[in-house]
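Below is one structure, written out as structure tokens; the observations come after it.
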There are 2 protein chains.
Amino acid sequence: MKRQRREDRRVARTKRQLRDALMELILEKGYDGVTIEDVTERADLGRTTFYLHYKDKEELLISSLEAVFDELAAQIMSMPQEWRLGENDHGPISVVFQHAAENATLYRILLRGQGSVALADRVRDYVTERAQVFFSSLVAELQTTPEIPPSLAANYYAGSLMSMLIWWLENDMPYPTQKIVHHFRALCIGGIASALGLSAAQMKF
Amino acid sequence: MKRQRREDRRVARTKRQLRDALMELILEKGYDGVTIEDVTERADLGRTTFYLHYKDKEELLISSLEAVFDELAAQIMSMPQEWRLGENDHGPISVVFQHAAENATLYRILLRGQGSVALADRVRDYVTERAQVFFSSLVAELQTTPEIPPSLAANYYAGSLMSMLIWWLENDMPYPTQKIVHHFRALCIGGIASALGLSAAQMKF
DNA sequence: TTTTTTTATGAACAGAGTGTTTATATTTTA
DNA sequence: TAAAATATAAACACTCTGTTCATAAAAAAA
């Protein structure tokens, strides 16, 4: 297959400017309050230019967020294998909470902010998918007989995680990352373990 | 204080028409796709009339939903006291799932539908509040020392419930009400009980 | 019933935002 | 340097919003 020619400098620059402008404006006025003209003006570009690259505001948002979440994903993927499923303070859950803390304003608006393209749903779907793969492989590996299908357990897990994350952010992070993660695990581990037919000791995540 | 004069017949009729029209249209096009003109046209009213009663689309939505949720609240409140906190098949959780099943299309759109005024958040806040009152009174009554503040536990509970409710609806209700409620309880009861310092047997809800 | 008040209505208007087209200037790439 | 791709402004048609105003109709009050 033919390799795609490198993106025109101007295109890369324009896209970056639009993304940066959108993120700035979201923090200032919330997603719904931002118009395309706001974005192009802040980015110092003609309004027509916007339509050369994106269909609408939502497409730009998705594109903008990829950058943020790519960073998070990279962080998790670069962890040592034994940490990645471990329950220590550097595990993936901690990393998620830590990332949220570092981008608190943005997370707050995007996860809760009115409208905002139901972004929380997208994130939850992603977490659900990852959890389901993990739970399924755990069940297969340990040959247990789950009382509840892994897909439901994964959904429950993701929903609980998101919910607690939002609570933590909206209450101005009243606990340190380490502690909120501990609380989260305390609340959900047992139920999920027994749902999947695992002993609590087998529940390494 | 003076009693408010009864609402003009026309006003009552107009409001009802607008509410009905909105609900119909939401089911057809989703909340975001509905314009005020759509609503007034369906309701067979002048567009100006809308502004005589509501500030904007959202205000009408809220008003419309009150009817739906009043029905649910009334159902729960009219239960015998011993059922209201009980874990039998007629408990409040079952009623919620049952109500969702009966209004599945509406729930699906409102809880998940893009934008839609972040209605899921409103509902979750309501559930959280109720749960918190209940958990707090439970802790006070049984004199336990919770490891996790009831407000956090309540948030976790509400988030988990909403999450599972949405899953159930989006997967076309693959289990009967009774079974999904059982699964929900299996997943979350243990964690919450120990978080509040209760034995599982003390966890009557 | 008659009078008075309230409500519904359509037309008209101003304004904000969207998305497209076109001709032109500028920058990159080849 | 030539060819191709991109950015731009202006103009335009369109949709939706929210308000005003004069008038007609309906309901409430007398």
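So you know, we letter chains A, B, ... as the sequences are listed, proteins then strands, and number each from 1.
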- [ ] Verify the distance criterion only: is there a donor paired with an acceptor across the side chains of B/Gln98 and B/Thr177 at less than 3.5 Å?
- [x] yes
- [ ] Using atom CG of B/Leu60 as one end and atom P of D/dC16 as the other, report the distance to the nearest whole Å.
- [x] 17 Å
- [ ] Looking at every strand, decide which applies to B/Arg10 at a 4.0 Å heavy-atom threshold: base, sugar-phosphate, or nothing.
- [x] base
Open item on the list: Can you tell whether the side chains of A/Arg13 and A/Asp8 come within less than 4.0 Å, N to carboxylate O?
Closed with: no
- [ ] Check whether more than 12 heavy atoms from other residues, nucleotides or ligands sit under 6.0 Å from atom NZ of B/Lys179, and answer yes or no.
- [x] no
Open item on the list: Output the rounded distance in Å from CD (B/Gln17) to C1' (C/dT9).
Closed with: 14 Å
Task: Short N-O contact, B/Arg47 and B/Glu41, less than 4.0 angstrom - done: no
Task: Nearest listed nucleotide, side chain of B/Thr35, among C/dT18, C/dT6, D/dT17 - done: D/dT17
- [ ] Name every residue in residues 49-57 of chain B that has at least one heavy atom under 4.0 Å from any atom of DNA chain C, in order of residue number, or write none if there are no such residues.
- [x] B/Thr49, B/Leu52, B/His53
TODO: Decide salt bridge (charged side-chain N to carboxylate O under 4.0 Å, His left out) for B/Arg42 and B/Glu28; before the verdict, give the C-alpha distance in whole Å, the side-chain angles of both, and the deciding distance to 0.1 Å.
DONE: CA-CA 12 Å; B/Arg42 174 69 58 97; B/Glu28 291 171 21; 3.1 Å; yes
Task: Euclidean distance, atom CD of residue B/Glu58 to atom P of D/dG18 [Å, nearest integer] - done: 12 Å
Task: With A/Tyr175 via ring pair (Phe, Tyr, Trp, His ring centres under 6.0 Å) - residues at least two apart - done: A/His183
TODO: Starting at atom CZ of A/Arg13, determine the distance to atom C1' of D/dT8, rounded to an integer number of angstrom.
DONE: 12 Å
Open item on the list: Using whole Å, what does the distance between atom P of nucleotide D/dT17 and atom CD of B/Glu41 come to?
Closed with: 13 Å
Open item on the list: It should be established whether A/Arg47 places a side-chain nitrogen or oxygen under 4.0 Å from OP1 or OP2 of nucleotide C/dT18.
Closed with: no
Open item on the list: Rounded to whole Å, please give me the gap between CG in B/Asp8 and C1' in D/dA27.
Closed with: 6 Å
Task: Rounded distance (nearest 0.5 Å) linking atom OG of B/Ser160 with atom CD1 of B/Ile192 - done: 6.5 Å
Open item on the list: Heavy atoms only, 4.0 Å cut-off, all strands: where does A/Thr48 land among base, sugar-phosphate and nothing?
Closed with: base
TODO: Measure the distance from CG on A/Asp32 to P on D/dT17 and round it to the nearest whole Å.
DONE: 14 Å
Task: Distance, rounded to the nearest Å, where A/Arg9 contributes CZ and C/dT29 contributes P - done: 5 Å
